[in-house]
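Convention: sequence-line order gives letters A, B, ...; per-chain numbering from 1.
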Number of protein chains: 2
Amino acid sequence: MNGIIISIGDELVFGQTVNTNATWLSRELAALGITVSEHITLADDVEAIKVYLQQVGQARDVILATGGLGPTKDDLTRIALAQVLGSALRLHEPTLRQIKQFFEERGREMPDTNRIQAMIPTGCEVLENKLGTACGMQVQIGRAAAFFLPGVPQEMRDIFAGSVKNKLQQMIAFKGTNGVIMTRTLHTVGVGESDIAERLGRMMDRDRNPLINSTAAQGIVSLRINARAKNEVEALCLIEPAEREIWRRLGSSVYGVDDETLAQVVGQLLREQHKTLAVAESCTGGLLGKELTDIAGSSDYFKCGWVVYSNQAKIDMLGVDAETITQYGAVSEQVARHLAERARHLGQADYGIGITGIAGPTGASEDKPVGLVYIAVAEGDNSSVKRHVFPGDREMVRLRTVNMALNMLRKKILPGN
Amino acid sequence: MNGIIISIGDELVFGQTVNTNATWLSRELAALGITVSEHITLADDVEAIKVYLQQVGQARDVILATGGLGPTKDDLTRIALAQVLGSALRLHEPTLRQIKQFFEERGREMPDTNRIQAMIPTGCEVLENKLGTACGMQVQIGRAAAFFLPGVPQEMRDIFAGSVKNKLQQMIAFKGTNGVIMTRTLHTVGVGESDIAERLGRMMDRDRNPLINSTAAQGIVSLRINARAKNEVEALCLIEPAEREIWRRLGSSVYGVDDETLAQVVGQLLREQHKTLAVAESCTGGLLGKELTDIAGSSDYFKCGWVVYSNQAKIDMLGVDAETITQYGAVSEQVARHLAERARHLGQADYGIGITGIAGPTGASEDKPVGLVYIAVAEGDNSSVKRHVFPGDREMVRLRTVNMALNMLRKKILPGN
């Protein structure tokens with residue numbers, strides 16, 4: 001079975017709201033084995049909604065539409081739907097009672113404007129909304145089973161989980177499915193997208209099953225293994241050898257699976273080895289500490305951090321020699337090393353990370369470009385420093401710096417490294 | 001003029017990535033007076049990309065497409081585009097040189113796979129990518145001026161700002177426009193969404209022009225004023241009285257306009273008054289420092305920060321009395337006040353902020369729930385502390401804490417307060 005997701009709302013095409021509903025629904029449909037081929041996002045415009053509903057109804061098994069079911073004048077989905085069906089809007093008494101009750105429970109009388117939410121095009125089945133006043137609707141349009149859900153994410157998700165999902169499963173059982181799509185994502189760090197593509201070679205060919213896609217952001221390349229199969233067991237049988245082969249070819253540049261973050265993986269390694277960490281950040285200004293403490297329970301291994309953004313702070317708080325700064329500059333191997341070692345020492349930690357760099361757009365000099373970053377990791381009496389020149393704007397440089405710092409520590413504490 | 005946004009990528013229709021590019025581009029186009037009627041999101045599928053490009057090229061003035069321009073085999077946009085144009089992919093030497101240089105600057109040789117990114121369909125104009133290896137392209141498809149940009153948000157935004165925007169402005173000057181939609185957003189902090197709705201009253205009616213919408217997140221309520229008019233001047237004449245009225249009714253709970261962040265506004269106030277700030281963070285773990293240093297030039301007023309996540313760090317680094325922690329707990333008014341005062345003193349700053357709280361999901365006790373946060377601001381010999389219990393998960397509690405801390409400082413240094 002294949003499906004399409006239609007999102008309706010001026011706020012979406014005006015660029016005022018990010019469309020998270022389409023993403024969420026896509027994931028749900030993929031998990032059921034329904035192939036989502038497109039998302040279409042439309043304004044609150046009766047003509048446009050009509051045209052697309054008629055058009056896609058001919059070629060899809062499932063339409064999932066969200067939005068435009070509210071009580072105000074800009075909510076036009078039910079009117080467009082009635083016109084597509086060539087039917088009238090009729091008052092649906094049980095829904096009206098529910099809406100009235102919704103307001104009563106909150107100590108208010110139903111405003112007249114909400115009455116429109118109980119007007120349902122003839123031929124539609126009502127899908128109850130337990131969290132709000134915009135009920136969902138189901139109806140056949142051409143070849144497609146079409147579902148209309150409210151745009152409020154919580155209400156949409158609740159109706160989907162409460163009734164749509166079950167109906168889709170019944171359709172799949174009746175029609176048979178063209179299988180499920182299962183996905184596993186492997187995250188790598190420190191290796192370029194094209195290097196990875198070369199190492200994976202034919203594994204990334206487009207006619208393969210599983211199909212492997214890559215996306216890159218801030219030094220992290222994520223590989224998605226998408227398997228199409230009759231059922232979950234067969235899909236897993238396709239995914240597992242592909243995953244194993246990726247691990248084999250990319251080794252320890254793979255750091256995590258699915259929702260795992262680099263900070264999480266590093267934290268887990270520290271915890272397992274009963275080691276602790278302290279950090280001293282200049283150009284990242286607290287971002288490394290923030291990423292480490294995004295994880296509940298990080299106080300088990302994260303001892304403390306210093307944000308030493310100014311030269312004076314580096315001198316006063318971490319005892320960097322003023323002469324070192326004069327001689328080598330605040331953005332130098334020497335200062336990074338010193339920050340890492342002093343953070344480790346003052347924080348009484350096993351590892352110290354020191355970061356100094358130029359995130360831009362200001363602060364560059366002739367021999368020190370924007371994006372120049374030194375990252376040091378100190379352990380015992382040893383410390384190592386790496387020099388990087390990162391591309392991109394201030395945000396990209398800072399995010400990539402944190403990823404590279406976490407990876408440097410990860411490689412130090414990885415068993416076998 | 002009207003436009004359509006096409007987003008290309010398996011990760012989008014599989015529900016693995018939220019489509020923020022379409023939102024961002026919509027906002028840019030709306031600001032130029034180009035009406036965006038639809039977003040279309042497609043898989044990395046040559047046939048689907050071809051069909052939609054041909055179809056929408058007939059009915060739109062502008063096509064903005066993103067994604068599918070990477071170096072790997074799942075990047076198929078350039079192939080689909082060549083087929084739509086009926087033209088061949090030709091090596092574009094200047095682009096190849098740029099890509100090679102991009103790698104050289106990073107001390108690496110260009111992998112062979114990246115060569116495809118210099119292959120351009122005949123007839124396309126190249127739009128230089130200064131941040132990465134995926135150049136953009138421009139070409140006429142049917143009636144539409146079509147722009148193809150990489151999917152990496154920063155690169156997409158940079159090419160749009162650097163060349164696409166200017167080209168669109170030239171088109172508008174030549175073709176004329178069907179009116180503009182202008183938006184201004186006012187951000188407020190510390191007042192609830194329904195309080196604001198009550199104070200604004202009929203100003204928020206749906207049949208008004210300008211139309212005022214509100215959204216709320218982490219203690220910040222943003223009010224968007226959307227005006228439709230023939231041209232920018234008329235739109236401004238609608239926006240300005242509405243904006244003034246909002247300022248009048250909401251006073252200093254309005255902190256900023258459009259893209260201004262709270263950290264930016266606070267930084268600007270500090271800079272104007274030649275004041276400096278030092279911070280000591282427990283539960284926010286560096287997030288406050290990160291937000292402050294998101295802004296280039298923040299070293300003018302941000303002196304330093306401590307991330308004192310553990311009790312020991314609070315004692316060792318900021319001299320919190322162990323007995324104070326035993327008596328009142330680490331999450332207490334006393335500790336917050338001490339952190340703010342010691343940060344100010346050690347950092348030799350004019351203001352100090354101290355934060356201690358329970359971000360959750362662990363760490364709560366009978367009398368100290370998840371979301372309990374104490375925020376202190378120290379100035380001279382004075383310090384003030386506020387106790388909050390914030391709703392939501394770990395991320396929400398941390399973000400709201402930072403917003404409330406910045407607002408507490410803002411109110412202290414606001415002229416007239």
Out of A/Val389, A/Asp195, A/Ile196, which one racks up the most heavy-atom pairs below 4.5 Å with chain B?
A/Asp195
Would you say that B/Thr133 contacts B/Met110 through its side chain, given a criterion of any heavy-atom pair below 4.5 Å between the two side chains?
no
If you tally heavy-atom pairs under 4.5 Å against chain A, which of B/Asn114, B/Thr113, B/Val13 wins?
B/Val13
With the side chain counted from C-beta on, respond yes when A/Leu287 and A/Leu399 share a heavy-atom pair under 4.5 Å apart, and no when they do not.
yes
Below 4.5 Å, heavy-atom pairs only: which of A/Ile40, A/Asn213, A/Val36, A/Leu12 has the largest tally toward chain B?
A/Asn213
Should B/Phe102 and B/Asn129 count as side-chain neighbours, where that means a heavy-atom distance under 4.5 Å?
no
Does this structure show an ion pair linking A/Asp294 with A/Lys290, if we count only N-O contacts that are shorter than 4.0 Å?
yes
So what's closer than 4.5 Å to chain A heavy atoms on B/Ser298: side chain, backbone, both or neither?
both
If you tally heavy-atom pairs under 4.5 Å against chain B, which of A/Asp205, A/Thr284, A/Thr20 wins?
A/Asp205
Flag the pair A/Arg199 / A/Val191 as yes when at least one side-chain heavy-atom distance between them is below 4.5 Å, and no otherwise.
yes
Please look at A/Leu211 and chain B and tell me whether the side chain, the backbone, both or neither of the residue comes under 4.5 angstrom of a heavy atom of that chain.
side chain
Heavy-atom contact with chain B under 4.5 Å, split by part of A/Asp300:
neither
Atom group of B/Val18 that falls short of 4.5 Å from chain A, counting heavy atoms:
both
Return yes if a side-chain donor-acceptor contact under 3.5 Å exists between A/Ser7 and A/Asn19, otherwise no.
yes
Is any side-chain heavy atom of B/Leu69 closer than 4.5 Å to a side-chain heavy atom of B/Gln117?
no
Heavy-atom proximity to chain A below 4.5 Å, by part of B/Trp24
neither
Heaviest contributor of heavy-atom pairs below 4.5 Å to chain A, chosen from B/Lys130, B/Arg27, B/Arg224, is B/Arg224
Is B/Gln16 close to chain A through its backbone or its side chain, or both, or neither, when contacts mean heavy atoms under 4.5 Å?
both
Pair A/Asn2-A/Thr35, side-chain donor/acceptor within less than 3.5 Å
no
A/Glu281 versus chain B, heavy atoms under 4.5 Å apart: side chain, backbone, both or neither?
neither
Can you give me the closest heavy-atom contact between A/Gly305 and B/Met317, atom names plus distance?
O-CE, 3.6 Å
Would you mind reporting whether B/Pro361 and B/Val370 have side-chain heavy atoms less than 4.5 Å apart?
no
Picking from B/Leu42, B/Leu25, B/Val308, B/Thr185, which has the most non-hydrogen pairs under 4.5 angstrom with chain A?
B/Leu42
Most contact-rich option vs chain B, by heavy-atom pairs under 4.5 angstrom, among A/Arg394, A/Glu38, A/Met204, is A/Arg394
Quick one: do the A/Asp393 and B/Gln154 side chains pair a donor with an acceptor below 3.5 Å?
no
With chain A, the option among B/Gln312, B/Arg106, B/Glu28 that has the most non-hydrogen atom pairs under 4.5 Å is B/Arg106
Does a sphere of radius 6.0 Å around CZ in B/Arg115 hold more than 12 heavy atoms from other residues, nucleotides or ligands, not counting ones at 6.0 Å or beyond?
no
Bottom line for B/Phe103: the part with an atom under 4.5 Å from chain A's heavy atoms is side chain
Interchain contact, A/Ala280 with chain B, by part (heavy-atom threshold 4.5 Å)
neither
Per-residue contact mode, B/Asn226 against chain A (heavy atom under 4.5 angstrom)
side chain
In the structure I gave you, are the side-chain heavy atoms of A/Leu200 and A/Leu223 within less than 4.5 Å of one another anywhere?
yes
Can you tell me which portion of B/Ile295 sits under 4.5 Å from chain A's heavy atoms? Options are side chain, backbone, both or neither.
backbone
Quick check for you: among A/Ser310, A/Ala43, A/Ala296, A/Ala313, which has the greatest number of heavy-atom pairs under 4.5 Å with chain B?
A/Ala296
Are the side chains of B/Thr72 and A/Glu193 in touch, meaning some heavy atoms are under 4.5 Å apart?
yes
Top residue by heavy-atom pair count (under 4.5 Å) with chain A, among B/Glu395, B/Lys303, B/Lys314?
B/Lys303
For each of B/Glu105, B/Arg108, B/Lys73, tally heavy-atom pairs with chain A at distances under 4.5 Å, and name the one with the top tally.
B/Lys73
For chain B, which of A/Ser214, A/Ala30, A/Ala197 has the most heavy-atom pairs under 4.5 Å?
A/Ser214
